[in-house]
Amino acid sequence: MSLYSVVSLDTVESRELDELEPTLLPVGLELQPEQMRPSVWHYERGEESTYHRQDEQEELYVVLEGTVDVTVERETERDVVTLTEHEFMVVPPESWRQLEAVEESRVLAIGAPNVADDSIVEDETTARS
């Protein structure tokens with residue numbers, strides 16, 4: 001195990017997962033952390049993440065650049081929070097969430113614990129009303 005790991009966002013190769021979704025900058029693959037799963041997402045204006053929740057991970061969102069609306073839902077509660085540059089938000093695993101870019105934005109998302117992708121995606125049985 002090394003003493004630490006460092007990566008520059010400028011050297012991380014981006015990944016297009018879906019043309020309608022934000023671009024992933026997988027900093028976690030470069031850093032190889034043990035306890036958390038960091039990623040940076042680059043959103044064009046109007047792009048949104050998949051509506052999902054995590055099975056085990058809580059997620060920390062940090063807006064590095066821009067503005068995003070974060071929709072969070074659990075049971076009968078629903079809220080939309082606008083986050084701007086340098087604002088932080090934590091969402092527990094049980095809550096459904098979706099980020100949408102109000103303007104071009106970059107968001108650091110850190111999930112913990114560091115488990116394989118444990119996101120649960122909305123389907124017909126979990127569809128929003």
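Everything numeric in this text was worked out from a predicted model, so none of it was measured.
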Met89 and side-chain contact (heavy atoms from CB on, under 4.5 Å): which single residue from Val70, Val68, Leu99 fits? Val70
Using atom types as modelled and distance alone, determine if a side-chain donor or acceptor of Ser95 lies under 3.5 Å from a backbone N or O of Arg74. no
Which value, rounded to the nearest 0.5 Å, describes the distance between His42 atom NE2 and Glu16 atom CD? 9.5 Å
If you measure from CH2 on Trp96 to OG on Ser119, what distance do you get to the nearest 0.5 Å? 9.0 Å
Determine whether Val62 and Tyr43 fall in the same hydrophobic cluster, where Ile, Leu, Val, Met, Phe, Trp and Tyr are linked whenever their side-chain heavy atoms lie under 4.5 Å apart. no
Heavy-atom pair of closest approach, residues Glu47 and Pro22: OE1-CA, 3.5 Å
Flag for Glu100-Thr71: side-chain donor and acceptor within less than 3.5 Å: no
Hey, is the main chain of Thr67 close enough, under 3.5 Å, to the side chain of Ser105 for a donor-acceptor pair? yes
Is there a donor-acceptor pair closer than 3.5 Å between any side-chain N or O of Arg53 and the backbone N or O of Pro92? no
Please assess Val7 against Val12 for the test side-chain contact (heavy atoms from CB on, under 4.5 Å), listing each intermediate value before the final yes or no. CA-CA 8 Å; Val7 68; Val12 175; 3.6 Å; yes
Are Leu83 and Leu64 connected, step by step, through hydrophobic side chains (Ile, Leu, Val, Met, Phe, Trp, Tyr) whose heavy atoms are closer than 4.5 Å? no
When hydrophobic residues are tied together by side-chain contacts of less than 4.5 Å, even through go-betweens, does Val40 share a cluster with Val90? yes
Treating Asn114 as the side-chain partner and Pro33 as the backbone partner, does any N or O pair qualify as donor plus acceptor under 3.5 Å? yes
Between Leu24 and Trp41, is the side-chain contact (heavy atoms from CB on, under 4.5 Å) condition met? List the steps. CA-CA 5 Å; Leu24 172 63; Trp41 294 91; 3.6 Å; yes
So how far is it from Arg15 CZ to Leu29 CG, rounded to the nearest 0.5 Å? 5.0 Å
Shortest non-hydrogen pair, Pro38 vs Val27, comes out as O-CG2, 3.6 Å
Give the intermediate values and the outcome of side-chain contact (heavy atoms from CB on, under 4.5 Å) for residues Arg45 and Glu104. CA-CA 5 Å; Arg45 181 182 181 162; Glu104 184 175 359; 5.5 Å; no
Look only at the side chain of Arg37 and the backbone of Val115, and say whether a donor-acceptor pair between them is shorter than 3.5 Å. yes
State yes or no: do Val80 and Tyr51 share one hydrophobic cluster built from I, L, V, M, F, W and Y residues joined by side-chain heavy-atom distances below 4.5 Å, directly or via other members? no
Val102 with Val63, same ILVMFWY side-chain cluster at under 4.5 Å: no
In chain order, what residues pass the side chain to side chain contact (heavy atoms under 4.5 Å, CB included) check against Glu65, with sequence neighbours excluded? Arg106
If you compare all heavy atoms of Gln35 against all heavy atoms of Ala112, which two are closest, and at what distance to 0.1 Å? O-CB, 3.6 Å
Atom OG1 of Thr23 and atom CD of Glu44: how far apart are they, to the nearest 0.5 Å? 7.0 Å
What's the separation between atom CD in Glu48 and atom CD in Gln98, rounded to the nearest 0.5 Å? 4.0 Å
Applying side-chain contact (heavy atoms from CB on, under 4.5 Å) to Gln54 and Arg97, what does each step give before you reach the verdict? CA-CA 9 Å; Gln54 301 301 126; Arg97 77 285 312 260; 3.6 Å; yes
Nearest-0.5 Å distance that lies between atom CG in Asp10 and atom CG in Leu25: 10.0 Å
